[in-house]
Amino acid sequence: MLKLSAPYRPGFAGSPGDLRDKAVLVRFHGSDVTTGTPQLSRWRRWAAIGVWLCLIGAGGALAYLGGERAGIRSLQQGTLHRLDIYSTSLRSELSRYEYLPQVLSLSPDVLDLLRRPDDSSLQFNANVYLETVNAHAQASAIYVMNASGLTLAASNWNQQGSFVDMNFSYRPYFQDALRGVPGRFYGIGTVSREPGYYFSFGIVDGARQLGVAAVKVNLDKLDATWSHSADKVLAVDGNGVVFLSSDAGWKFRALRPLSSETLQQLAQTRQYTEAGSLTPIDMREHRPLSGGAATVVQLSASEARRQTAGEPFGPDYLLDSRPVDGTDWKLIMLSDMKPVHALARTSAVATVFALVFLTLLVLYFQQRRRIVHQRLAAREALQGAYDELEHKVQLRTEALSEANLHLQTEIAERKRAEEILKTTLEDLVQTGKMAVLGQMSAGITHELNQPLTALRTLSANAVVFLARGESAQVDMNLRTICQLTDRMGQITAQLKKFARRSAVELQSVALADVIADALFLLDQRIRQERIQLEQAVEPHLHALCEGNRLEQVLVNLLANAFDATAGETGVRRVRIVARRTPDGAIVEVHDNGNGIAAEVMPRLFEPFFTTKEQGLGLGLGLAISAGIVRDFGGLLRAGESELGGAAFIVTLRNGQRGATTHG
Ligand code: ADP
């Protein structure tokens, strides 16, 4: 879990950047797993895929070979077992007759005949004896030859194709037996043209070799059994000639081409005379198998009697052989390799699938591990970032608290300063008023002195008229005195009103009244200095301001206008205009003085800036006036007047009658 003890603050300048930095770091950790340039890693990936495919292929091939070996082994086990059975049946078929020649050699009938071969009665006895024996033995034929190979008696003596009087001295079994070795021979009968197996045994009379007893065994029964078998089984002799076969077409054919000596020898012994051409079976060794008698062979299409898509050789067969005891024969079995190939293919496919599955499993776990690693790294980085952020937030919070404290102190100080400034400004405004009053003092004194002098004269005259009893004159004088004192009271009231300290309480003020009050104060100067005053004041015009202060502003502006026209030789013209605007009102004061010099213009509203002679101006009038108008939410600016001199324009906001606002 992430630990977030400090919340993220949007206003905190350092936070998003810090987070971004950390995010980059996290991404970097993420991509850090693959190193090197992208192109190099792509090559590596392709190389890895190539190696992987090779490994999969090698695995499949090994599995195929393994499967094939296992298949061959199991096929071989079955084959050998069946070969054992075939061998046993062959052996048992033959062994039944093995003893017979020896038994014949002991027969007195046979011995007698051999001792006296010319005796026809003995020959008859021997023939009957052999016929009788064979009736039990069921051999092909049993017969007795003298030492020259001439048959003296035979079991088939009275049948067509009798062996009697036939000479078999060329047969190896005769020659062997004559040498004292029991003869064993397989061959085709020269008389019967039937193949058979020959057993022979030498017949001796003491040391004298009398002749040979022989038995010919017919193997037709075995032949018939084998031809019904599903196996391809063959029996070959020492020369590799097939003499028994489940496939009749292979009989008396050689497994491989025979040498000329062998062929010559076979011709001498007439072993397979006229039985066949001994043409080799069309079979090629496809692949020898290690450490065994077995090989994989391919039969030609015609031999296999199978169509194999135009190929000269057909499918694979496992050739297994075993010797037949007591002979130079071999039993051979050809087993179809199809099941072996199927097994090999299955195990190859299964192995490839297993390897692919295994690879995917490994990749999955690797990917999982990588993701977990990345997540952990990201989490650590994020935790680090948050820790750092938290630390920074803490530091910033402390700094902010400190700054806040400073700010509060500063605010308090500023408030105090503002208070002082306000008071100072109030004082300044008041000072400005006093200055105006001071400037007007001569005129005011004159204004008051005139009625005073008149009062004195009128009252003195009234005393005289009273003494004379001219009451009507007294009454008239007293009435004039009353008017004059009213006028004086009016002046002092106006002065008092102007001089009072007023608070900035904004309200909708009738501008005509304020203009009239200002002009009243300056009335004496207007008259005395013969100033031509023009007024264009819209009736019922109101604006948001404070009347007493606006009056102070107008007195200032009018007094400056009077001063500006002081040097005029012609008519001194001053015009006061008050008009409505869409958002309030404008009061303009024009004069036909010299106007404002360009170098004076920028400094006009600076405090204590004056162009007037010392004692005539303080340079505070415009600065204070501009401040007052700003407090009203308005603007005071200077420009050129259509009268030729300067124009001062006071812009005021609109105000509801009776509304009270602070500017
Ligand atoms: P003071 O009148 O004491 O000089 P003000 O602040 O009222 O101070 O005026 C400052 C200066 O502005 C004056 O000295 C004058 O030079 C100039 N000034 C003011 N009003 C006018 C005007 N109507 N025409 C020409 N100059 C003016």
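Quick caveat: nothing in here was measured; it's all calculated off a predicted structure. Each ligand, and each atom within it, is numbered from 1 in the order the structure gives.
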**OP:** Report the residue from H590, R573, R575 that forms a side chain to side chain donor-acceptor pair (under 3.5 Å) with S641.
**Re:** H590
**OP:** Kindly indicate whether the side chain of L620, heavy atoms from C-beta on, has any atom under 4.5 Å from the side chain of F608.
**Re:** yes
Subject >> Close approach, A559 and ligand 1, non-hydrogen under 4.0 angstrom >> reply: no
Subject >> Contact check, side chains of W52 and L363, non-hydrogen atoms, under 4.5 Å >> reply: no
Subject >> Contact check: L618 vs ligand 1, nitrogen or oxygen atoms, below 3.5 angstrom >> reply: yes
**OP:** Please identify which atoms of ligand 1 are closer than 4.0 Å to at least one heavy atom of F648.
**Re:** 20 (N), 21 (C), 22 (C), 23 (N)
Original post:
Given A647, A623, G621, A564, which has its nearest heavy atom closest to atom 22 (C) of ligand 1?
Top reply: A564
Original post:
Angle class for the H341/Y64 ring planes (parallel below 30°, perpendicular above 60°, tilted otherwise)?
Top reply: parallel
Original post:
Looking only at protein heavy atoms, which one is nearest to atom 25 (C) of ligand 1, and how far off is it?
Top reply: G595 O, 3.5 Å
Original post:
So is G619 close enough to ligand 1, meaning a heavy atom under 4.0 angstrom away?
Top reply: yes
Original post:
So, do R637 and T651 sit near enough that their side-chain heavy atoms are less than 4.5 Å apart?
Top reply: yes
**OP:** Compare I596, L604, N560 and give the one whose heavy atom is closest to atom 17 (C) of ligand 1.
**Re:** L604
**OP:** Looking only at protein heavy atoms, identify the closest one to atom 2 (O) of ligand 1 and say how far it is in Å.
**Re:** K612 NZ, 2.4 Å
Can you give me every donor-acceptor pair (side chain of residues 456-484, partner residue at least two apart or in another chain, under 3.5 Å) with its distance?
from	atom 1	to	atom 2	distance (Å)
T457	OG1	T453	O	2.9
S459	OG	L455	O	2.8
S459	OG	R456	O	2.9
D475	OD2	R479	NE	3.1
N477	ND2	L458	O	3.0
T480	OG1	M476	O	2.9

Subject >> Any L521 side-chain heavy atom under 4.5 Å of V436 side chain >> reply: no
Subject >> Top protein contact for atom 14 (O) of ligand 1, by heavy-atom distance >> reply: T611 N, 2.8 Å
Subject >> pair I56-T359: side-chain heavy atoms closer than 4.5 Å >> reply: yes
Original post:
Short list, please: which atoms of ligand 1 are under 4.0 Å from a heavy atom of T610?
Top reply: 1 (P), 4 (O), 14 (O)
Original post:
Using heavy atoms and a threshold below 4.0 Å, how should the contact between D591 and ligand 1 be classified: side chain, backbone, both, or neither?
Top reply: side chain
Original post:
Can we say R525 and E529 salt-bridge, meaning some charged N sits less than 4.0 Å from an Asp/Glu carboxylate O?
Top reply: yes
Original post:
In ligand 1, which numbered atoms sit nearer than 4.0 Å to a non-hydrogen atom of G617?
Top reply: 3 (O)
Subject >> atom 5 (P) of ligand 1: nearest protein contact (heavy atom, Å) >> reply: L622 N, 3.7 Å
Subject >> Top protein contact for atom 11 (C) of ligand 1, by heavy-atom distance >> reply: F609 O, 4.0 Å
**OP:** Measure the spacing between OG1 of T565 and CG of N560 and express it to the nearest 0.5 Å.
**Re:** 10.5 Å
Original post:
Is atom 7 (O) of ligand 1 less than 4.0 angstrom from at least one protein heavy atom?
Top reply: yes
